[in-house]
Amino acid sequence: MFGWEFPPNISGGLGTACYGLVKGLLHKGVNVLFVVPKAYGDEDQNVARIIGASDVVIDVRDSKYTEFWSHFSYMEVNSRLVPYVSPEEYYQLLENSRQDGVESLESVYSRKFHFSGAYGPGLLEEVEKYALVAGFIASENEHDVIHAHDWLTYKAGIAARKASGKPLVVHMHATEYDRSGESNINQAVFAIEKEGMEAADLVIAVSDLTRNTVIKRYGIAPEKVITVHNGVSPSDFELHGVERHIRDKIVTFLGRITYQKGPDYYVEAARKVLDKDPKVRFVMAGSGDMLNRMIKRAAALRMGSRFHFTGFLKGVDVHKMFALSDVYVMPSVSEPFGISPLEAMRSNVPVVISKQSGVAEVLHHALKVDFWDIDGLADAIYGLLNYPALAGMFRKHGRQEVENLKWEHAAEKVRDVYLTALRIYANR
């Protein structure tokens, strides 16, 4: 299995989803060798054997691999593609990558490649290098199926398939259309996504919404694309009686502050709620390229004392934030799935989600609105804050509902996908 991050070293939902799925597969008798560009040493080796590509020593001139490498063309791209980060974070990543030696002029024929493991300035270059190392890893480790998560690892999955000949399953957690919208598609990323899905034996989509995008936008055969909804893991943090120093009600947005997540609609709805109920505080937890714009907009709407920006939260801080929240909001413009509402519901927080999200397909006890409907979003938030019976009903039934959305169920379906891929492989 090829990923880009693994807890506790994560930048978003992808690492969380990979961890939950791997744990679920372990319960189903599937052993996973999980490869990341850079391993930090604190990953949970009890659920999977973790390999960092940075730690793999190879020599591409070795005669054993000459034929395999001859099929690869490698081009170094001094890319400045930096998804998911604000301008301030970009410059920090750039400085860190210089210190880590990511931008060294090391030959691609070196015995060891260096990876930052981040979404940094050399991202496309790292994707290509990752593919080279992946082929070596696949040729040296016994396995039955190759599973690649999201576009960052698709080239690695293809390389592994060429090296070992084993079936390839690619997992589409988010398409370029989700991240960038209709008019700002990054053609290089789109091409990698399309190439990966065309090369795969089967494609896993995290929702029917994503499945439809994969079929219609990328031209992938419908019979090849299988929907497996995400799950949620039992909380490792049991927080009781988290102290609140204020009596105001708290509404929380937690996620990347990017176009895809709809933070601007959340800010506009906050102003409408405050016009009716001034004793509410709004939290925006996360980072992203729209952060500065959201800070300026909150100030322009005169919500400075009522709107709080926490920065990126992870681990126990996420659970503390949920424990303090009265309502959780996910107004995504295009959300392939969306694990955070499940985590909020698990913490007894009623949620408002956009209809344009994959998780809306599986949740019944959540208020759903169109992302663009600011009035509807404000009304939903206001209702949950001011009608205790309504909020209580969503808390009670929401918690029960989410407890049935287990990663073990998703893992069972993924295991079935593996078995189908193996049958396709046997009949090739």
Side-chain angles (χ1 to χ4, degrees), residues 86 235 237 239-258 261-288 290-332 338 340-354 366-369 371 373-395 398-399:
S86 65
S235 177
F237 304 97
L239 301 175
H240 301 286
V242 175
E243 187 177 358
R244 288 178 63 154
H245 300 287
I246 57 175
R247 295 183 179 180
D248 296 332
K249 290 160 280 192
I250 297 176
V251 181
T252 298
F253 168 109
L254 191 150
R256 294 194 311 276
I257 306 176
T258 62
K261 301 297 183 179
D264 42 345
Y265 300 99
Y266 176 71
V267 172
E268 300 299 326
R271 179 66 269 173
K272 289 180 177 292
V273 172
L274 287 171
D275 287 342
K276 296 174 68 176
D277 184 355
K279 294 185 178 180
V280 181
R281 291 180 183 267
F282 288 84
V283 173
M284 183 167 279
S287 58
M290 290 180 67
L291 176 60
N292 287 343
R293 198 189 318 172
M294 295 303 96
I295 293 172
K296 291 177 181 178
R297 184 56 181 160
L301 292 173
R302 299 185 179 279
M303 298 190 296
S305 63
R306 291 278 141 190
F307 213 103
H308 308 274
F309 296 89
T310 69
F312 179 72
L313 300 180
K314 65 179 181 178
V316 70
D317 289 332
V318 172
H319 296 276
K320 285 181 178 178
M321 193 66 251
F322 285 142
L324 292 169
S325 301
D326 296 287
V327 175
Y328 178 75
V329 181
M330 188 187 77
S332 298
S340 58
L342 303 183
E343 296 175 328
M345 293 167 70
R346 185 187 59 198
S347 300
N348 291 315
V349 182
V351 302
V352 182
I353 60 176
S354 73
L367 287 177
K368 305 171 189 178
V369 299
F371 74 86
D373 187 357
I374 296 170
D375 289 325
L377 181 58
D379 287 343
I381 295 169
Y382 181 86
L384 289 173
L385 291 175
N386 289 278
Y387 295 95
L390 180 67
M393 184 269 289
F394 277 101
R395 284 194 187 95
R399 177 67 183 261

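The model shown is predicted, which means the values in this text are computed figures rather than measured ones.
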Worksheet item: What's the shortest heavy-atom distance between Ser287 and Phe312, and which atoms?
Response: OG-CB, 4.1 Å
Practice prompt. Can you sort out the partners of Lys314 under side chain to side chain donor-acceptor pair (under 3.5 Å), two or more places apart, ordered by chain and number?
Written response: none
Worksheet entry | Under 3.5 Å: donor-acceptor pair, side chain of Tyr328, backbone of Ser340 | no
Item to complete: Please lay out, stage by stage, how Arg293 and Asp264 fare under the test salt bridge (charged side-chain N to carboxylate O under 4.0 Å, His left out).
Response: CA-CA 9 Å; Arg293 198 189 318 172; Asp264 42 345; 5.6 Å; no
Practice prompt. With the side chain counted from C-beta on, respond yes when Val273 and Val251 share a heavy-atom pair under 4.5 Å apart, and no when they do not.
Written response: no
Item to complete: State, to 0.1 Å, how close Gly262 and Pro331 come at their nearest heavy-atom pair, and which atoms those are.
Response: O-CG, 3.4 Å
Practice prompt. Check the pair Val267 / Phe253 against side-chain contact (heavy atoms from CB on, under 4.5 Å), numbers first and verdict last.
Written response: CA-CA 10 Å; Val267 172; Phe253 168 109; over 6 Å; no
Worksheet item: If you round to the nearest 0.5 Å, how far is NZ of Lys320 from CG of Leu313?
Response: 10.5 Å
Worksheet, complete the sentence: When rounded to the nearest 0.5 Å, the distance separating NZ of Lys249 from CG of Asp326 is 8.0 Å
Fill in: By side chain to side chain donor-acceptor pair (under 3.5 Å) - contacts of Asn348 (at least two apart)
none
Item to complete: Look up atom NZ in Lys276 and atom CG in Asp379, then write down how far apart they are to the nearest 0.5 Å.
Response: 5.5 Å
Worksheet item: Which atom names give the shortest non-hydrogen contact between Gly286 and Thr310, and what distance separates them?
Response: N-OG1, 4.2 Å
Item to complete: Go through the steps to decide whether Glu268 and Arg297 satisfy the test side-chain contact (heavy atoms from CB on, under 4.5 Å), and finish with yes or no.
Response: CA-CA 9 Å; Glu268 300 299 326; Arg297 184 56 181 160; 2.6 Å; yes
Discussion item. With a sphere of 6.0 Å drawn around CZ of Arg395, does it hold more than 12 non-hydrogen atoms of other residues, nucleotides or ligands?
Written reply: yes
Worksheet entry | Results of ring pair (Phe, Tyr, Trp, His ring centres under 6.0 Å) for Phe282 - residues two or more places apart only | Tyr266
Worksheet item: What is the distance from atom CG of Leu367 to atom OG of Ser354, rounded to the nearest 0.5 Å?
Response: 13.0 Å
Discussion item. Looking at every non-hydrogen atom in both residues, tell me the closest pair between Asp277 and Val280 and how far apart they are.
Written reply: O-CG2, 3.4 Å
Practice prompt. Could you walk me through whether Met321 and Ile250 pass the side-chain contact (heavy atoms from CB on, under 4.5 Å) test, one step at a time?
Written response: CA-CA 10 Å; Met321 193 66 251; Ile250 297 176; 4.1 Å; yes
Discussion item. Distance check, rounded to the nearest 0.5 Å: Lys261 atom NZ versus Met330 atom CE?
Written reply: 7.0 Å
Worksheet, complete the sentence: dist Leu377:CG -> Phe371:CZ (nearest 0.5 Å) comes out at 12.0 Å
Fill in: Shortest non-hydrogen contact between Ala366 and Phe394, atoms and distance
N-CE2, 3.4 Å
Practice prompt. Please report the C-alpha distance between Asp275 and Arg271 in whole Å, then the side-chain angles of each, then the deciding distance to 0.1 Å, and finally whether the side-chain contact (heavy atoms from CB on, under 4.5 Å) criterion is met.
Written response: CA-CA 6 Å; Asp275 287 342; Arg271 179 66 269 173; 3.1 Å; yes
Worksheet item: Quick one: does Arg281's side chain have a donor or acceptor within less than 3.5 Å of a partner on Ser305's backbone?
Response: yes
Response to the item:
Heavy-atom nearest pair, Leu384 first then Ala391, reads O-CB, 3.4 Å
